Amino acid sequence: MDVNIEKHQTANGDYEYRASCDQPSYRFTLIGKGKNATEADKNLRQNLEEMKNRLDEIIEISKVSA
């Protein structure tokens with residue numbers, strides 16, 4: 001799976017990091033924002049961890065349903 005990470009500084013000086021994937025089986029975009037690059041990176045990592053946890057929950061639910 002190819003994941004692209006784009007780093008931008010917004011007009012107001014904040015930072016925004018976007019991790020995205022656009023493949024037939026995987027399509028997602030996660031965004032991290034912060035007042036500086038360190039905060040944006042930390043926020044993106046937190047959002048990635050939250051996505052992982054939610055996907056783990058879905059896997060567990062699907063195991064019970066099967």
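Below, all heavy atoms of this structure are taken into account, side chains as well, without hydrogens, waters or symmetry copies. Here the structure is a predicted model, which means the values were calculated and not measured.
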- Query: Crowded around Y26 OH? As in, over 12 foreign heavy atoms under 6.0 Å?
  - Reply: no

- Item | Evaluation steps, salt bridge (charged side-chain N to carboxylate O under 4.0 Å, His left out), between K63 and E60 | CA-CA 5 Å; K63 286 180 184 177; E60 289 303 313; 3.5 Å; yes

- Item | From I59 atom CD1 to I61 atom CD1, the distance as rounded to the nearest 0.5 Å | 10.5 Å

- Give a yes or no on whether a salt bridge exists between R54 and E57, defined as a side-chain N under 4.0 angstrom from a carboxylate O. no

- Query: So which heavy atom on L30 is nearest to which on L48, and how close?
  - Reply: CD1-CD2, 3.1 Å

- Query: Taking atom CD of E6 and atom OG1 of T29, what is their separation to the nearest 0.5 Å?
  - Reply: 8.5 Å

- Query: Atom CG in N53, atom CD1 in I58: separation rounded to 0.5 Å?
  - Reply: 11.5 Å

- Side chain D22, main chain R27, donor-acceptor under 3.5 Å: no

- Rounded to the nearest 0.5 Å, what's the gap from CD1 on I5 to SG on C21? Could you check? 11.5 Å

- Transitive ILVMFWY side-chain link I31 to F28, under 4.5 Å: no

- Item | Between NZ on residue K42 and CG on residue N47, distance to nearest 0.5 Å | 12.0 Å

- Query: Where do K35 and Y15 come nearest, in terms of heavy atoms and distance?
  - Reply: O-CD1, 3.8 Å

- Between G32 and N43, what is the shortest heavy-atom contact and its length? CA-OD1, 3.1 Å

- Query: Do the charged groups of R18 and E16 touch, with an N to O distance under 4.0 Å?
  - Reply: yes

- For D14 and N12, work out which heavy atoms get closest and say how close. N-OD1, 3.2 Å

